[in-house]
Amino acid sequence: MTEDQKPQDENQLIVVRREKLERLRAAGQAYPNDFRRDTLAEHLHGSFGECTVEALEAHEEVFRVAGRIMAKRGQGKVSFVELMDSSGRIQLFVQINALGEAAYEAFKGWDIGDVVGAVGRLMKTKAGELSLRVSELRLLTKSLRPLPEKWSGLTDTETRYRQRYLDLIVNPDVKAVFQKRTQIVRFIRQFLDTLGFQEVETPMLQVIPGGATARPFVTHHNALDRELFLRIAPELYLKRLVVGHFEKVYEINRNFRNEGLSTRHNPEFTMLEFYQAYADYRDLMDLTENLIRDCALSVNGSTQLRYQGRDYDLGRPFNRWTMAEAVAKANPELDPSRLGDADYLRPIVKAKGGNPQPGYGAGRLLTELFEATVEADLLDPTFITEYPTEVSPLARCNDANPQVTDRFEFFLAGREVANGFSELNDADDQAARFKAQVDAKTAGDDEAMFFDADYIRALEYGLPPTAGEGIGIDRLVMFLTDCASIRDVLLFPAMRPESN
RNA sequence: GGGUUGCUAGCUCAAUGGUAGAGCAGCUGACUCUUAAUCAGUAGGUUCGGGGUUCGAGUCCCUGGCAACCCA
């Protein structure tokens, strides 16, 4: 390659490492895959960390470890290496006497970041650190790029998100967040499985994107030569399954919404949705309360949580307020008897910074007022119930007051975490609600729903009385791991393309 | 969408409009118990991109990009 064809990042450090790689290639297999380890750093520390020098001297077992060189402290004819594997770090004690001159000389040219395998017995150094006294050492993968500096590490958020692998190598706390995320999801599966729910998978590519009000991603199926949408929710498919006698069913998977990026929104995010026949929204509030409380206890060992400097008590019963109650409480100057009056609400919404459209009824106006004046202040765990029918096109109307639905949302730290309701199983009512959505879409609301004729057909066969709910997994993980940004709980968050 | 801040060596950071620097990492050498090892020497730059002002721009102005934070 000529000088001006070299990539810009071919700096001196990489050139030197590439030269080392060329020598490895010349000497034989530069990327061997015949080394097998038989233990991890964590196991060695756990089993032998407390042993005395003499006890280790008498212990003749030979161990094989492998991992990445994170630090090298050379001392002429003896060196210390910090080796990192998936479980942690173990120090290698490398002596020229044990390795032989040629092997030791080669080792001296290895770099921080290289992946190696080591064989040897355990020992304690004079400083008391458990170490592997290396009798055999092999270079398994040459690292061509220098790692970030050992003390300050990698702090640049952009690089951390774009090159998560690098973040994971040098920032051990990051890995713990994602391990906890796995624990949380595993707990939720066990919780639901124990209650008799069955996990299923439903389409991500949908002909009609339904189940939520959001803008979808559009794609194209070549063989069918037609437009398809990435799902914004699995809801309508899961309820079809309830029609088919999957009476307790759930799905944990990705939803896609074509909206902006922020510390709380990623275009693809993980949602739990579950449906239970012969249950109502109150049953699901109870279930949700138990699920979140037990999950915190399981993964954090406590129902007391600290999130972004504030304490939360998940052990106490969660608040349960109607939307009208919450709005009245946050806006004592309002007349609570007129919260169902659109003409009364419209100027108030405007004054509070909302943007009411001409077609908005009292329900939608009240919801706007709720979002503007209440939502962000719902810090302690709180269920808000009685969502207006106007903003709840898939929820069952309340028997006593058809202006509101048997629906709740759950809030924690000012954020919506869950949304559940008794399902609308009246096929004619659902068809009318879809029609209202289509009218709204025609009028310019590009988040409004499509008319899903097959879903109506399914309802016509008979959806048993059912309750269903969605829980945002990413937000729940953020809370349980004390992360401020959704990007901190996504391994590869969405980023704008790097500019060159 | 609006505002604020930031972008300089591989990483973490300096630099009144006046010679672009340090630590770590790297390279050469010394060192057989180090822990951010130590010691001596040495090399490393499209200052995010483009344009402008100026005798002179990392720094000031305009414009574009990306990111973080705040607001809606």
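Just so we're on the same page: letters track the sequence lines, and every chain starts at 1.
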(request) Quick one: the dot-bracket string of RNA chain B, using Watson-Crick and G-U wobble pairs with both distances under 3.5 Å, [ ] for crossing pairs and | for bases paired to another strand. (result) (((((((..((((....[..)))).(((((.......))))).....(((((..]....)))))))))))).
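- Of the residues A:Leu44, A:Val134, A:Leu40, the one that meets the side chain to side chain contact (heavy atoms under 4.5 Å, CB included) test with A:Val65 is A:Leu44.
- Contact annotation: side chain of A:Gln91 to base of B:rU34, donor-acceptor pair present below 3.5 Å.
- Here the separation of B:rG44 from B:rA22, taken at their P atoms, is 12 Å to the nearest Å.
- With respect to A:Arg64 and A:Asp38, no salt bridge is recorded, no charged nitrogen being found less than 4.0 Å from a carboxylate O.
- For the pair A:Arg264 CZ and B:rC69 P, the interatomic distance rounds to 11 Å; values are reported in whole Å.
- Because its NZ or CZ atom is both nearer than 6.0 Å to the ring centre of A:Tyr360 and within 45° of the ring axis, A:Arg364 counts as a cation-pi partner of that residue.
- Using a 4.0 Å heavy-atom criterion, one finds that A:Tyr161 contacts the sugar-phosphate atoms exclusively.
- Per the geometry, CE belonging to A:Met70 stands 18 Å off P belonging to B:rU35, to the nearest Å.
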(request) Could you walk me through whether A:Ser143 and A:Arg17 pass the side-chain contact (heavy atoms from CB on, under 4.5 Å) test, one step at a time? (result) CA-CA 7 Å; A:Ser143 171; A:Arg17 288 183 179 220; 3.4 Å; yes
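- Side-chain contact of A:Arg231 with A:Asn255: a donor-acceptor pair under 3.5 Å is present, judged by distance alone.
- A sub-4.0 Å separation between OP1 or OP2 of B:rA37 and a side-chain N or O of A:Arg73 is present.
- Across the P atoms, B:rA25 and B:rA20 are found 27 Å apart, a figure rounded to whole Å.
- Atom name P, nucleotides B:rA15 and B:rU8: the rounded distance is 14 Å, in whole Å.
- One atom, NZ of A:Lys124, and another, P of B:rU35, lie 18 Å apart when rounded to the nearest Å.
- Using cut-offs of 30° and 60° on the angle between ring planes, the pair A:Phe479 and A:Tyr312 is perpendicular.
- B:rA68 and B:rA9 are spaced 23 Å apart, taking the C1' atom of each and rounding to whole Å.
- Between the P atom of B:rU35 and the CG atom of A:Leu130 lies a distance of 18 Å, rounded to the nearest Å.
- As rounded to the nearest Å, B:rG26 and B:rU12 have C1' atoms that lie 16 Å from one another.
- Using a 4.0 Å heavy-atom criterion, one finds that A:Gly260 contacts no nucleic acid atom at all.
- Comparing the C1' positions of B:rC60 and B:rC55 gives a spacing of 16 Å, expressed to the nearest Å.
- Taking the six-membered ring where tryptophan is involved, the planes of A:Phe107 and A:Trp110 are perpendicular, since the angle between them exceeds 60° and thus also 30°.
- Nucleotides B:rG49 and B:rG58 place their C1' atoms 15 Å apart, quoted to the nearest Å.
- Computed from coordinates, the A:Leu261 CG to B:rG1 C1' distance equals 14 Å when rounded to whole Å.
- Here A:Arg133 lies out of heavy-atom contact (under 4.0 Å) with every strand.
- Here A:Arg407 pairs with A:Glu409 in a salt bridge; the nearest charged N to carboxylate O distance falls below 4.0 Å.
- Among the heavy atoms of the strands lying under 4.0 Å from A:Thr157 are primed sugar atoms or P, OP1, OP2 only; no base atom is included.
- Both A:Val78 and A:Leu154 lie close to RNA chain B; mapped to their nearest nucleotides by heavy-atom distance, the more 5′-ward contact belongs to A:Leu154.
- Ring geometry for A:Phe80 against A:Phe93 counts as tilted: the plane angle lies between 30° and 60°, on a 0 to 90° scale.
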(request) List the steps, then state whether side-chain contact (heavy atoms from CB on, under 4.5 Å) holds for A:Leu379 with A:Arg310. (result) CA-CA 9 Å; A:Leu379 300 177; A:Arg310 187 180 186 278; 3.4 Å; yes
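- Between the side chain of A:Thr125 and the base of B:rU34, a donor-acceptor pair under 3.5 Å is found.
- Judged by distance alone with a 3.5 Å cut-off, a donor-acceptor contact links the side chain of A:Glu129 to the base of B:rU35.
- A gap of 27 Å separates the P atoms of B:rG23 and B:rC33, to the nearest Å.
- The side chain to side chain contact (heavy atoms under 4.5 Å, CB included) test with A:Arg68 singles out one residue from A:Asp114, A:Ile169, A:Val116, and that residue is A:Ile169.
- For A:His265 and B:rA72, the NE2 to P distance is 14 Å, given to the nearest whole Å.
- One atom, CZ of A:Arg160, and another, C1' of B:rC7, lie 17 Å apart when rounded to the nearest Å.
- Contact check, A:Asn11 against B:rG44: no side-chain N or O comes under 4.0 Å of OP1 or OP2.
- The base of B:rU12 does not come close enough to the side chain of A:Asp156 for any donor and acceptor atom to sit less than 3.5 Å apart.
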(message) Protein within reach of the bases, or only the backbone? For nucleotides 23-29 of chain B, mark each nucleotide 5' to 3' as B, S or -, using heavy atoms under 4.0 Å.
(response) BBBSS--
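- Note on A:Thr263: only backbone sugar-phosphate atoms sit closer than 4.0 angstrom, heavy atoms only; bases stay farther off.
- For the residue pair A:Thr182/A:Gln179, the side-chain donor-acceptor check at 3.5 Å is not satisfied.
- For A:Gly153 and A:Met495, each mapped to the nucleotide of RNA chain B holding its nearest heavy atom, the one lying further toward the 5' end belongs to A:Gly153.
- Rounding to whole angstrom units, CG of residue A:Asp114 and P of B:rG10 are separated by 19 Å.
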